[in-house]
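Below is one structure, written out as structure tokens; comments come after it.
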Amino acid sequence: KEIARRLERMAGDLNPSSLEIGPVKTDGDIAAVLIRKFHGFNSQKLAVFPVALVKRGVDWLAAPVPASFENSGVGYDSSLRQRLRDLETWMLREQATDLAQLRAETGQRMRRKIEEKIQADALRKLESRHAVERFVSACERRDEAEMLGLMGGLDANPPEDWNVRLNAVESAFDRNSRSVARPWRLLAAQEVLRVPLFHDEEEDSAYSVIACLDPKGFPDEGALPQVEIVRLNLSKSQAGLWRVDPPSAF
């Protein structure tokens, strides 16, 4: 029962995430593998799970306890015990090393994902008005990579509150939910009417005002639909890239 509870917790930790195989070490009919968990672009949500494996016939089966051959029924002779200990030690050591390396590479990985959607050179050529239009379009498509690229993700030195921006986008656009949390919903929901009202630009700053009408209104408050105003500020980085700075409510 305790093992089942542990596996249930692990399943919760892994979902929803993308997984990939990391380093593998094989010793005859026993082996160890590291499973890497990625969740968006947040380095704090990276994880590495060590899994012990035992070969039964032609099949490799996972041991029930992470990072251990406990309860796997592999036998107890002294030579085997040493091999098991060596693999368990390798798993724990490599888990820490691999996680540190993944976190160091997170910035590069994120930039590659963003550049699949928008290039720094293209963003540098955009007028501030068009940067706003692309940002709203990315929100409508729930394209987190492009949104983050337009919020400073392509800068060599991201904004000081980058982790706040990253968490805000990931929380609002939860992959498990069909709906988008407010106030992001005003820029993302297909049924919301959005009308640009005003745009002004100076040398290194700009802002856009957008009127939004959400047909759902405010269900929690029992209020009827009404026009809501969203103001998006923009600033230009030292690299000459326009950056959307959503209001603090976002």
Notebook entry, point to check: For W162, which residues count as a ring-ring contact (aromatic ring centres under 6.0 Å, His included) partner, sequence neighbours excluded?
Noted result: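 Result, ring-ring contact (aromatic ring centres under 6.0 Å, His included) vs W162: none returned.
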
Notebook entry, point to check: For Y207, which residues count as a ring-ring contact (aromatic ring centres under 6.0 Å, His included) partner, sequence neighbours excluded?
Noted result: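 For Y207, the residues satisfying ring-ring contact (aromatic ring centres under 6.0 Å, His included) (neighbours in sequence not counted) are F198.
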
Next item on the list: Measure the CD-CD distance between E201 and E127 for me, rounded to the nearest 0.5 Å.
Entry: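 Separation between the atoms: 7.0 Å.
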
Notebook entry, point to check: M10, I35: one ILVMFWY side-chain cluster at the under-4.5 Å cut-off?
Noted result: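 In one cluster: yes.
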
Next item on the list: State yes or no: do V54 and L87 share one hydrophobic cluster built from I, L, V, M, F, W and Y residues joined by side-chain heavy-atom distances below 4.5 Å, directly or via other members?
Entry: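 Result: yes, single cluster for both.
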
Item checked: Qualifying residues under side chain to side chain contact (heavy atoms under 4.5 Å, CB included), relative to L99, sequence neighbours excluded ->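 L99 satisfies side chain to side chain contact (heavy atoms under 4.5 Å, CB included) with L46, V48, R103 only.
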
Contact check, side chains of [X] and [Y], non-hydrogen atoms, under 4.5 Å:
| X | Y | value |
| --- | --- | --- |
| K25 | E94 | no |
| F250 | L187 | yes |
| L53 | V24 | no |
| W184 | M147 | yes |
| D214 | R182 | yes |

Item checked: Contact list for residues 63-85, test salt bridge (charged side-chain N to carboxylate O under 4.0 Å, His left out), sequence neighbours left out ->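 Counting only pairs at least two positions apart or across chains, the salt bridge (charged side-chain N to carboxylate O under 4.0 Å, His left out) contacts touching residues 63-85 are D27-R83, D29-R83.
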
Notebook entry, point to check: Does any pair with a residue in residues 89-139 pass ring-ring contact (aromatic ring centres under 6.0 Å, His included), and if so which ones, sequence neighbours excluded?
Noted result: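 Listed once each, the pairs would be none.
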
Check: Are the side chain of D161 and the backbone of V164 linked by a donor-acceptor contact shorter than 3.5 Å?
Finding: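 Flag not set: sc D161 to bb V164 has no pair under 3.5 Å.
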
Item checked: Side-chain H-bond candidate by donor/acceptor type, T97 with R93, under 3.5 Å ->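 Side-chain D/A pair, T97 to R93: absent.
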
Check: side-chain hydrogen bond (donor to acceptor under 3.5 Å, both in side chains) with D200: which residues, sequence neighbours excluded?
Finding: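 D200 satisfies side-chain hydrogen bond (donor to acceptor under 3.5 Å, both in side chains) with no residue once adjacent residues are dropped.
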
